[in-house]
Amino acid sequence: MPLIAEDPMLEEAPNHAGPEYQEDRATLTAAGLTEEDATQFLRNTWARDVCQWHDVWAARVANKQRAQEELTRQEREAEERPVEEAAAAAEAERREAEKKSVKAGDFDEDRMVQGFNKPKPLPYAMDRLTKKEYVELWYFTREGCQEAKRNKFTSHKDALGLVGEAGEQVQFRSIVSMRASKNAQPDNLLSWDQIDLASKVLLQCMEKTGWPLKHTNTLSKFFIELGFVQAGQPAEFDCAVIEYQYLVCFEWHEALGAAGCFNVSHINMERLSTIHNNLNPNTHQ
C-alpha cells in the first residue's frame with residue numbers, strides 16, 4: 001500500500017465529465033447507463049475511494065502520534081533512571097543499617113493500595129533477558145503475566161538446582177528461573193493484539209534488565225513501524241506481518257554482536273510480501 005503523505009480529503013476532485021474519462025464513460029454507457037449517470041457514477045466512486053484513503057491516512061497519523069508519545073516517555077524514563085537508582089541505593093544502605101535491630105515494617109498512613117498491578121513476566125523470561133538472550137513474546141502477553149502471577153503464590157522461590165554448561169563452573173540457581181512455561185507459544189501463533197501489548201511489556205523489561213538504550217529504542221521503532229504496516233493493510237495480511245515479526249526478531253537476536261548485524265527497525269517490504277505470498281499460494285496462481 002503506498003504511503004499517503006497528506007489528507008486525501010484535500011485533493012481536488014477530477015473532472016469526470018472531461019475527455020480524459022471518455023473511455024470510462026463509454027464503458028458505462030455501453031452497459032446501459034446514460035452519459036449523465038455514467039459521469040455521476042465515476043464521481044461517486046472517486047468520493048468513496050477518497051473516504052477510504054482518508055481513514056487509512058487518519059489511522060497512520062494517530063499511530064505515529066502514539067508512537068512518538070511512547071518514545072518520549074521511554075526517553076524521559078531513561079533520563080530519570082540514574083536518579084531513581086541512586087535513591088534506591090541510598091535506601092538499600094539505610095535498610096542494611098537497620099538490620100541490626102528487628103523492627104516492624106513501616107507504612108504510609110495516607111497511601112492507598114494501587115488500583116492495578118504492573119505486568120510481571122515469569123522469572124524464566126526475565127532471566128533470559130538478563131543474559132541478553134531471545135525470549136518468546138508470549139511471556140509478556142496478558143496470559144503469560146497471569147501465569148507468572150499464579151505461580152508467585154504456588155512456586156517455591158528458594159528451591160535451587162545445579163546448572164552449568166560445558167567448560168563452565170557448576171552453580172546453584174533458582175529452579176523457577178530455569179523453568180520454561182509449558183503453555184508458551186511461538187510468536188507466529190499469537191494475534192497482532194497480543195504482540196502489540198506484549199512488545200510494550202517486553203521493552204519495559206529489557207530496560208529493567210540492563211539492555212542498552214540503542215537496542216531498546218531500535219526494537220521499539222521496529223514494533224512501531226510494523227504497526228504502521230499492519231494498520232495500512234487488509235486483515236488477511238496480518239498473518240504475514242506476524243510471521244515477519246516472528247522470523248526477523250529471532251534472527252536479529254541471534255545476530256547481535258556478529259559482524260554485519262542488521263538494523264531490525266528497517267522493515268523489508270520485499271521479504272514481507274514474499275512471506276505473504278508463501279502463506280497464501282492460491283491467491284497468486
Side-chain angles (χ1 to χ4, degrees), residues 1 3-4 55-78 115-122 124-126 128-129 134-149 181 183-209 211 213-253 263-269 271-273 275-276 279-280:
M1 179 173 290
L3 180 64
I4 306 174
D55 291 342
V56 173
W57 173 84
R60 284 181 172 170
V61 170
N63 284 337
K64 185 175 182 180
Q65 181 177 354
R66 287 194 294 268
Q68 184 58 51
E69 292 173 352
E70 177 65 15
L71 285 176
T72 301
R73 181 194 66 77
Q74 293 179 12
E75 292 173 353
R76 182 175 63 253
E77 289 184 354
F116 65 94
N117 290 325
K118 292 183 179 180
K120 294 181 180 179
L122 286 163
Y124 167 81
M126 298 301 292
R128 289 186 65 87
L129 284 182
Y134 173 80
V135 59
E136 293 84 353
L137 277 177
W138 179 88
Y139 288 95
F140 307 95
T141 63
R142 182 177 289 107
E143 294 79 9
C145 292
Q146 287 175 347
E147 179 171 320
K149 185 177 180 181
S181 172
N183 298 315
Q185 296 182 340
D187 291 4
N188 60 344
L189 295 184
L190 302 179
S191 68
W192 178 255
D193 287 341
Q194 285 179 303
I195 291 175
D196 186 47
L197 174 62
S199 65
K200 296 177 175 60
V201 179
L202 167 65
L203 290 168
Q204 293 175 359
C205 292
M206 290 177 70
E207 292 180 8
K208 291 180 180 178
T209 51
W211 281 74
L213 189 61
K214 174 183 177 181
H215 292 62
T216 56
N217 282 348
T218 297
L219 200 56
S220 174
K221 185 179 179 182
F222 166 75
F223 285 112
I224 291 170
E225 294 294 336
L226 202 58
F228 289 159
V229 174
Q230 186 272 341
Q233 298 290 346
E236 59 267 21
F237 208 82
D238 283 4
C239 290
V241 175
I242 292 170
E243 185 75 14
Y244 179 91
Q245 186 280 144
Y246 167 59
L247 295 173
V248 173
C249 264
F250 179 79
E251 292 172 9
W252 181 68
H253 278 82
N263 185 339
V264 71
S265 68
H266 298 328
I267 307 301
N268 188 328
M269 294 302 297
R271 182 172 181 183
L272 184 56
S273 297
I275 291 173
H276 176 64
L279 292 176
N280 302 273

Could you grab the distance from atom OG1 of T218 to atom CH2 of W211, nearest 0.5 Å is fine? 11.0 Å
May I ask you to test the F140-P119 pair for a side-chain heavy-atom distance under 4.5 Å? no
For L247, side chain to side chain contact (heavy atoms under 4.5 Å, CB included) partners two or more places apart: E243, E251, R271, I275
Is there a donor-acceptor pair closer than 3.5 Å between any side-chain N or O of Y139 and the backbone N or O of S181? yes
Atom CG of L137 and atom CD of Q194: how far apart are they, to the nearest 0.5 Å? 10.0 Å
Among all residues two or more places apart in sequence or in another chain, which pass the salt bridge (Lys or Arg N to Asp or Glu O under 4.0 Å) test with R73? E70, E77
Between Q74 and Q204, a side-chain donor and acceptor under 3.5 Å: no
Reported NE2-to-SG distance for the pair H253 and C249, which is rounded to 0.5 angstrom: 6.5 Å
ring-ring contact (aromatic ring centres under 6.0 Å, His included) involving F250 - partner list, sequence neighbours excluded: Y134
Do you know which two heavy atoms are closest between V241 and Q230, and how far apart they sit? CG1-CB, 4.1 Å
Do the ring planes of F237 and H276 sit parallel (below 30°), tilted (30 to 60°) or perpendicular (above 60°)? tilted
Where do L219 and S265 land on the side-chain contact (heavy atoms from CB on, under 4.5 Å) test, with the steps shown first? CA-CA 6 Å; L219 200 56; S265 68; over 6 Å; no
Backbone of T216 reached by a side-chain donor or acceptor of S220 within 3.5 Å: no
With side-chain contact (heavy atoms from CB on, under 4.5 Å) as the test, would you mind laying out the steps for C145 and K120 before giving the verdict? CA-CA 6 Å; C145 292; K120 294 181 180 179; over 6 Å; no
Which pair of heavy atoms, one from D196 and one from K200, lies closest together, and at what distance? OD1-NZ, 3.1 Å
Residues passing the side chain to side chain contact (heavy atoms under 4.5 Å, CB included) test with D55, sequence neighbours excluded, are none
Sorted by chain and number, sequence neighbours left out, ring-ring contact (aromatic ring centres under 6.0 Å, His included) with Y244 holds for none
Grab the two heavy atoms, one from P121 and one from V201, that are nearest each other, plus how far apart they are. CG-CG1, 4.3 Å
With sequence neighbours excluded, tell me which residues meet salt bridge (Lys or Arg N to Asp or Glu O under 4.0 Å) with E207. R81
Do N183 and E147 get their side chains close enough for a donor-acceptor pair, meaning under 3.5 Å? yes
Should I224 and N63 count as side-chain neighbours, where that means a heavy-atom distance under 4.5 Å? no
Distance check, rounded to the nearest 0.5 Å: Y246 atom OH versus N188 atom CG? 5.0 Å
Measure the CG-OG distance between L226 and S199 for me, rounded to the nearest 0.5 Å. 9.5 Å
Residues passing the side-chain hydrogen bond (donor to acceptor under 3.5 Å, both in side chains) test with E136, sequence neighbours excluded, are none
Using side-chain contact (heavy atoms from CB on, under 4.5 Å), reason through S191 and I195 one step at a time and then give a plain yes or no. CA-CA 6 Å; S191 68; I195 291 175; over 6 Å; no
Sequence neighbours excluded, every pair satisfying salt bridge (charged side-chain N to carboxylate O under 4.0 Å, His left out) that has a member inside residues 221-239: none
Given the rule in the side-chain contact (heavy atoms from CB on, under 4.5 Å) test, do W138 and L190 qualify, once you have shown the distances and angles that lead to the verdict? CA-CA 7 Å; W138 179 88; L190 302 179; 4.1 Å; yes
Working to the nearest 0.5 Å, report the span between OG1 of T209 and CG of L202. 8.5 Å
Partners meeting salt bridge (Lys or Arg N to Asp or Glu O under 4.0 Å) with D193 (sequence neighbours left out): none
Set of residues satisfying side-chain hydrogen bond (donor to acceptor under 3.5 Å, both in side chains) with respect to H266, sequence neighbours excluded: N263
ring-ring contact (aromatic ring centres under 6.0 Å, His included) involving F222 - partner list, sequence neighbours excluded: none
L197: side chain to side chain contact (heavy atoms under 4.5 Å, CB included) partners, not counting sequence neighbours: R142
